[in-house]
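Reading through the structure tokens given below for one structure.
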Amino acid sequence: MSVLIAALVVIPVAMLAASILTPRSDVWSQQWATRLPGEIVDTALLLAGVGVCSTLLGTGLAWLVSAYRFPGVRVFGWMLILPLAMPSYILGFLTLATLGPTGPVQDQWRSWFGTDAWFPDIESIWGATIAFTLVLYPYTYLLARAALRDQAGGAYFAARILGAGPTEAARRVVLPLVRPAIAAGAAVVMMETLTDFATVQYFGVDTVSVGVFRIWRGTYDRDAAAEIATVVLAFALVAIAIERIARGRARFGQSGGEGAGLERRVLTGWRAVAASVACGAVVVAAFAGPVLQLVVWAVREQTSDRGTPLVDSFPEYLSNSVQLMVITVVVCLVAAVVVANAQRFGSRRLTGVAARAAAIGYAVPGPVVGMGVILAVVGADELLEAIGLDLPGAVATGSLVVLVYAYVVRFLAPGLGAVESGLGQVSEEMTASARSLGASSIGTIRRVHLPLSKASLLSAAILVGVDALKELPIVLLLRPFGFETLPVWVYNLASESRYEQAALPALSIILVALIPVALLSRRLERPG
Amino acid sequence: MTPRIDRRHARRLALPILAVGGIALAGCGGDDDVLRVYSGRHYGIEAAFEQFTEETGIEVEFLTGNDAELRERIAAEGDETKADAYITVDAGNLAAAAEEGLFQPIESEVLSSAIPAELSDPDGLWYGLTVRARTIVYNPDEIAVDDLPTSYEELADPEWNDRVCMRNASNVYQQSLVASLIEHHGYDGALEIVEGWAANADIMGNDVLILEAVNDGLCEVGVTNHYYLAREYDENPDFDVELIWANQDDRGTHVNVSGGGITTHSSHPEDALVFLEWLATDGQQVLIGGNHEFPANPDVPPDEVLVERFGVDFVRDPLQASVFGALNPDAVRLMDEAGYG
């Protein structure tokens, strides 16, 4: 079963990768001689920057709100997840619109210090690094918090009782315990950055993904683009390898029961103020500020005479987006649970490979996944016709099945990562005990594994759901006629540079994404 | 190795599968008398389609998306495609669709008399519907009219170092402009010009940013599509940017089209033809909507902002849209080679 799922995920990617078998040296040599080396350097710098910054910020904040008490800690605990609801393409244009050369901040700056006054160049790798970090740190934050909550409490307590100071206990006991979760979070963050091709363009950063799209759309040469896309895949493999190494041989299982979370220390004085200010600054920069700007734009557009186009269709777009999100979450979670658990019961080598293979789609930019799925589905259709099974429309592109299929190809990985890190907390001995007491593998999953990794499962659901809600290129490419979603609405306006008119639909995406995020934060806040 | 699935679990698994399947079938359905359009044009098309249905009684369903990807989708769908017509911005996309055999030839007296030959495919595979000019914009407070560059070529001169804002290489409009340079100057000649641009220009992510940068005095001149500037006037009549039509002393200003054709595997080619003919005539105004493009049909008057602020009697580069469309891939390679961002 897990091998089948992995195969289904790999096929569309493989169909595109197949073009490598007939390499076209002219494209390679031309790209090597011109843009590619620079793109590789920029990609590496951006990935490293975003990976490190998101990990430090996400893990640091998770530790802060899990291990300490300070004013507002409960509120910050869930507010820090909110940026998850913010699509990077929206935060990207907001960052540029406010901090960029033509934005109000620099306007003011120039009016104070003159037209030639120095201001950091926002349209640069570091500008992009900041924007990506602000939208992506919640992934590490979320996974680190779940791990801290589920498993670090007892160990930390034990370490303290045995005489370790708080820092030492955190470093020597807690950090190794949550390392797999942090590594999984960092991998997700790097994949998201790697496959982005829209946000980076706002910042004028030339990544390999941008190169792939420039070649694909500009020279109409899909094969050439697919060849350059192998460089993207190579980066993805490096990111996966880093995750594997960071995770190391860490295999920690709880002996039983749900984790009680960390005993929180009370911060006082300036430390408490600093903690509150730090959390507040991140919430404002990554969420409250951008949302406020969107609200201002949306109100201005709604009250102007031209208004925001397509407002009437809002309920329909909303229900389409939500439907798609729910179905994707259900399918991805079922698949992730099957694939992750198969490693406990099946041939380790085979299922392990299957699990890694099933995650490959996340390393591929959305439009490439979309094209691969079209090719795979058309291929399947022809195959069925050839054996006399004509199913008109059922396998043709533009059906929701195909759309959901593509979403699963793309989003299985974050779900799988979270489910696996949750399962990592269930010791092998518990699985073995359940089996030796006569439970079937499904029974073991249902009655032992799932209850013990509930928080991670919920994280998986939210990660996949929010990703699916925000996803744009796949839905643009594969959706059936008349199936419009909220991001499509944003895209239609933003692609014509009508950013202010896109504010209202952008806000609505954020509002919808807030629902799962709120569910998650309630779960995280509830005492163990 | 497969875990045994008992009946109760089978039922649980069946639910999501049924849900997906059910919705899928709902998504596949559809009325077969409906004209289906893939559109890489987004703004205001609903209004155009509604009015078309009102006037002709032909129902239209449409799917918006990225131009290049919609084209790939039509190609991949082959004879299964539901698209009857493909409308998109930029001659490059239209030329590529024609090249891939996605369009069927159109024989229509209405279209060939409504749309000038240079805005259409010579074999009648597609027709231009609206025209957008890519030209030079400037800030009158920063630069005197006499000092303005008059051509795209001039912007490659070192005298414009750090004074000009231009669009990134990933953008189709910029690609088309470079493609037209290749046709006029040959590859090497165009390369020299684009290298000059690369050395001089501050390269930006979209045309609106360029206009705002010119307005703020960050660059003295820029190169953008004309209708973005007209839109800025809609918002703010005092917007401090003007345009001049480029290359008036020689071949004229580079113009691109948005246009469309009938797909090779269309199930409703007659309706699709009625649709294109309508867009090229009665539907011109509503298709352009508030977007300030020029109508491709010379009998349809351009909107007031264009007449009053820009002047509409300018020399347009007569280069066939299909010619620079076909040169688009070369333009992308050339910009890579020139180190143009």
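Chain identifiers are assigned alphabetically (A, B, ...) following the order of the sequence lines, protein sequences preceding nucleic acid strands; residue numbering begins at 1 within each chain.
At a 4.5 Å heavy-atom cutoff, the contact between A:N492 and chain B is made by backbone and side-chain atoms alike. When heavy atoms are compared at a cutoff of 4.5 Å, A:Q106 does not approach chain B at all. Residue contact with chain A, scored on non-hydrogen atoms closer than 4.5 Å, involves the side chain of B:E235 exclusively. Contacts between B:A169 and chain A at a heavy-atom distance below 4.5 Å involve backbone atoms as well as side-chain atoms. Contact annotation for B:N171: neither backbone nor side-chain heavy atoms come within less than 4.5 Å of a heavy atom of chain A. In this structure, the portion of B:N168 lying under 4.5 Å from any heavy atom of chain A is its side chain and not its backbone. Using a 4.5 Å cut-off between heavy atoms, B:Y340 contacts chain A through its backbone alone, with no side-chain atom that close. Interface residue B:E69: backbone and side-chain heavy atoms are both found under 4.5 Å from chain A. For B:V89, no part sits under 4.5 Å from any heavy atom of chain A, backbone or side chain. Heavy-atom distances place no part of A:V475 under 4.5 Å from chain B, backbone and side chain included. Residue A:L403: no heavy atom, backbone or side chain, is found under 4.5 Å from chain B. Residue contact with chain B, scored on non-hydrogen atoms closer than 4.5 Å, is absent for A:N341.
Between A:Y491 and B:H42 there is a side-chain heavy-atom pair separated by less than 4.5 Å. Side-chain contact between A:R110 and B:L218 is present, with heavy atoms from C-beta onward closer than 4.5 Å. At least one side-chain heavy atom of B:Q175 sits under 4.5 Å from a side-chain heavy atom of A:R214. Side-chain contact check for B:E72 versus A:I374: every heavy-atom pair is 4.5 Å or farther apart. When side chains are defined from C-beta on, B:D216 does not count as touching A:P101, because their heavy atoms never get closer than 4.5 Å. In this structure, the side chains of B:V172 and A:R217 stay at 4.5 Å or more apart for every pair of heavy atoms.
Looking at A:Y220, its side chain never comes within 3.5 Å of a backbone N or O of B:A326 through a donor-acceptor pair. Judged by distance alone, with hydrogens and angles left aside, the side-chain atoms of B:R73 form a donor-acceptor pair with the main-chain N or O of A:L477 at under 3.5 Å. Using a distance-only test at 3.5 Å, with no hydrogens or angles considered, no donor-acceptor pair links the side chain of B:D336 to the main chain of A:T34.
Across every non-hydrogen atom of A:Q201 and B:S170, the tightest pair is OE1-CB, 3.5 Å.
Annotation: maximal heavy-atom pairing with chain A below 4.5 Å, among B:N328, B:L70, B:L209, occurs at B:N328. Interface check for chain A: of the options B:A83, B:G92, B:G341, the most heavy-atom pairs under 4.5 Å are formed by B:G92. The greatest number of non-hydrogen atom pairs below 4.5 Å with chain B, out of A:L36, A:D107, A:V488, is found for A:D107. Chain A forms more heavy-atom pairs under 4.5 Å with one residue of B:V37, B:D234, B:T81, B:D90 than with any other, namely B:V37.
Within 6.0 Å of CD in B:E99 there are 12 or fewer heavy atoms belonging to other residues, nucleotides or ligands.
Taking the six-membered ring for Trp and thresholds of 30 and 60 degrees, B:Y38 and A:F481 have ring planes inclined between 30 and 60 degrees apart.
A:F93 CZ to B:N206 CG: the interatomic distance, rounded to the nearest 0.5 Å, is 10.5 Å. Between the OG1 atom of B:T64 and the CG atom of A:L476 there is a distance of 6.5 Å, given to the nearest 0.5 Å.
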